[in-house]
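All figures in this text were calculated on a predicted structure; none of them were measured in a lab. Residue numbers start from 1 in every chain, and the chains themselves are labelled A, B, ... in the order their sequence lines are given, proteins ahead of strands.
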Amino acid sequence: MNSPLLSGLNPEQLAAVTLPEQSALILAGAGSGKTRVLTTRIAYLVSTGQASPHNILAVTFTNKAAKEMLVRLSAMLPINMRGLWIGTFHGLCNRMLRAHHREANLPQTFQILDSGDQLSAIKRLMKAMNVDDEKFPPREVQNFISSSKEQGLRATEVEAFDPYTRRKAEIFAEYDKQCQREGVVDFSELLLRCHELLSRNQPLREHYQERFRHILVDEFQDTNPLQYRWLKLLAGKENSLFAVGDDDQSIYAFRGANVGNMQELLRDFHVGSVIKLEQNYRSHGNILGAANALIQHNRNRLGKNLWTSENGGEPLRVYEAGTDVDEAAFITGEIKQLAREGVKLSEIALLYRSNAQSRALEHALVSAGLSYRVYGGLRFFERQEIKHALAYLRLMENNGDDNALLRIINFPARGIGARGIEQLQEAAKQFNGSLFDAAARAGGKATAFVGLIESLRGATRELPLPEIIDHVLQHSGLIAHYESEKSSPSKKREAEERLDNLNELINAATLFVHENEDDSLAAFLAHASLEAGEHQAGSGEDALHLMTVHAAKGLEFHSVFITGLEEGLFPHQNSINSGELDEERRLMYVAITRARRRLYLTFAQSRMLHGQVNYSLVSSFLRELPDELLRWITPRLEARAPRTFSQAKPFSPQIRETALPVSRPETSSPWRIGQSVHHAKFGDGVILNTEGRGADMRVQVNFRKAGAKWLSLEYAKLSPL
DNA sequence: CGCACGTGGTTTTTT
DNA sequence: ACCACGTGCG
């Protein structure tokens with residue numbers, strides 16, 4: 001076959017795209033054309049007549065990825081893609097559950113709880129059950145419930161051998177009852193419920209098995225056990241599962257993803273051969289060389305080595321800063337230079353391990369007048385005012401949604417306080433009904449609130465979606481509430497922003513109506529729960545990208561700065577403590593492979609963290625990169641703050657300056673905070689703290705391997721580096 | 001009922 | 001340093 005569809009594919013990509021109808025695992029390295037292979041495979045199946053769009057199910061990790069695939073597909077194929085199911089696991093399960101809500105024992109209007117909703121539902125339940133939230137932190141209970149479900153376990157199936165776990169299982173059971181009563185499902189429930197539906201209902205299962213002869217899965221390394229079981233169920237014995245993934249980019253094990261699914265797939269689906277996509281089209285040889293050298297320190301890899309036809313390239317630039325502030329200053333300087341050389345700001349990314357690190361960077365960028373955009377952080381549909389507006393809509397749609405009612409029954413304030421709410425809860429318990437029903441019978445302010453919801457529902461019954469929302473915003477009192485807050489000088493800005501966001505909600509609804517066939521309120525509410533991200537205003541502007549390494553997966557940039565490369569930060573201390581360095585290293589691997597042309601690696605000797613100055617050693621990951629690929633940019637002496645302690649020098653013991661002016665007398669001793677030291681038994685470390693003087697002096701040292709220790713200078717054999 | 005102040009807790013994140 | 005949450009007061 002010689003179609004333009006297949007031209008330009010390399011032999012491995014071609015093999016993957018044109019595989020006969022059988023299950024397959026495609027091991028696709030970073031930048032190896034993974035998305036292209038997936039979309040071309042679908043286009044190939046359809047255009048050769050092997051399958052109609054109706055026979056295809058494509059699963060992605062994020063909504064964004066699903067959207068992108070759909071866009072690419074419609075560019076490749078002139079035919080209508082209706083009938084093709086593409087989406088995230090959660091989106092697809094939601095779709096099935098809506099279609100078969102009766103069989104799944106759910107109300108047609110069931111609502112989806114996001115993590116925040118879930119947490120408040122758990123808190124509310126625990127209060128009703130009189131559970132001590134000191135002994136059972138709600139967050140931990142939430143985790144317990146979610147991760148149990150993600151393993152495919154119901155409350156009765158959880159292994160609970162100790163009283164503590166047994167109690168959590170009881171809460172779990174009650175929580176599920178509460179959700180059922182209120183007609184809501186949480187994220188993992190979508191998957192579990194859908195899995196149970198398919199496994200219990202044979203005709204339904206066979207219907208979908210006959211339909212989806214081709215199942216394609218992206219980011220397969222990130223699937224959890226329940227998702228894998230769901231895929232297995234749908235695939236049955238006949239269908240082919242085309243899984244694409246990269247074990248080296250598995251960075252979500254911490255929330256239940258199981259890389260082992262890749263091995264299981266090979267066994268369960270009798271996959272004969274794994275196709276490896278190892279040619280990288282993104283980065284030059286030095287960047288790739290560094291990535292390969294790093295990841296080789298990991299055990300238990302499926303084995304894969306990225307290569308590129310473009311050898312060489314410039315070396316990776318390494319910068320050691322005195323402080324996080326210096327680090328940020330260096331970065332802004334380089335960005336300005338890059339911009340002068342014609343690199344667009346939007347082609348530059350600043351990556352960090354944890355969100356807290358963005359602050360120092362942002363500060364420097366603002367002073368430098370560089371526009372930037374922070375990804376992650378608070379999402380549109382998670383903003384307080386949006387959640388409030390949605391709660392009105394949800395309650396109109398489903399009176400049983402106690403979560404929604406509690407959020408808005410007194411917002412804006414209408415004189416229904418904690419006391420009144422308690423009474424409602426008692427009444428509801430009495431006759432085993434919803435808070436809404438209780439409020440309807442209570443009389444007074446509560447009943448007036450019920451009247452408000454009823455009248456909102458009545459007035460908007462025939463309206464198109466954006467007008468429903470507009471009406472609700474106006475008549476719920478939300479708009480008036482924020483308008484009145486504008487008169488308070490301290491809240492003016494905040495209120496204006498919230499009003500803007502509420503307006504943006506109407507825009508989002510308008511967009512939704514244009515993009516979706518099902519433009520009902522119920523569909524929009526599901527969309528709001530399932531697609532919490534993405535919706536960002538002002539994306540047209542040329543701006544830098546700031547994000548965590550996790551958020552950068554799947555993206556690429558001309559230039560990338562990996563910042564905060566310090567032991568304890570990246571790799572993060574928790575992963576060092578728990579011995580989970582491999583996942584952390586994969587994270588670093590993901591970070592490195594985001595860069596096309598230029599890569600900066602920066603770290604600081606001291607950093608302000610949680611209001612305290614921290615001193616750390618350079619990240620061990622930096623030491624794992626081959627020397628010859630790096631170019632150290634030693635900071636100029638005069639540019640450094642007096643409290644800077646070391647002269648940058650790679651790898652070999654660092655030379656300290658003692659001649660720098662110091663402000664306090666005791667810091668002239670070699671045992672100062674921030675000083676790097678060597679100990680015969682514990683190895684290298686940094687002084688965190690000191691105590692006493694002279695012969696009695698004790699110092700606290702943070703050792704790379706052994707962690708923090710107090711040592712007496714009289715006995716410990718410590719030498720400055 | 002609503003506001004002011006105090007306390008605790010801060011890896012990563014999508015759905 | 002900063003934010004979210006909870007308690008106690010006016």
query: Are A/Lys553 and A/Asp222 close enough for a salt bridge, meaning some N to O gap below 4.0 Å?
result: yes
- prompt: Do the charged groups of A/Asp186 and A/Lys149 touch, with an N to O distance under 4.0 Å?
  reply: yes
statement: Walking DNA chain B from its 5' end, the first of A/Gly91 and A/Asn355 to be reached, judged by nearest nucleotide, is A/Asn355
message: On DNA chain B, does the nearest nucleotide to A/Ile251 precede the nearest nucleotide to A/Ile416 from the 5' side, or the other way round? Give the residue.
response: A/Ile416
- request: Kindly say whether, by distance alone, the side chain of A/Ser115 makes a donor-acceptor pair under 3.5 Å with the base of B/dT15?
  value: yes
- request: For A/Phe61 and B/dT12, give me the distance from atom CZ to atom C1', rounded to whole Å.
  value: 12 Å
- line: Of the listed B/dG2, B/dT13, B/dT15, the closest approach to the A/Asn410 side chain comes from B/dG2
message: Base, sugar-phosphate or nothing for A/Phe89? Non-hydrogen atoms, less than 4.0 Å.
response: nothing
field: Distance-only polar pair, side chains of A/Glu219 and A/Gln221, donor-acceptor under 3.5 Å
entry: yes
Spacing of A/Leu587 atom CG relative to B/dT12 atom P, expressed in whole Å: 11 Å
- request: Give the nucleotide from the list B/dT12, B/dT15, C/dA1 with an atom nearest to the side chain of A/Met608.
  value: C/dA1
query: If every non-hydrogen atom of A/Pro225 is compared with every non-hydrogen atom of A/Asn261, which pair is closest and at what distance?
result: N-ND2, 4.3 Å
- prompt: Are A/Glu150 and A/Arg229 ion-paired here, with the side-chain N under 4.0 Å from a carboxylate O?
  reply: no
Close N or O pairs between protein and nucleotides 4-10 of chain C (under 3.5 Å):
none

field: Distance, rounded to the nearest Å, where A/Glu584 contributes CD and B/dT12 contributes C1'
entry: 8 Å
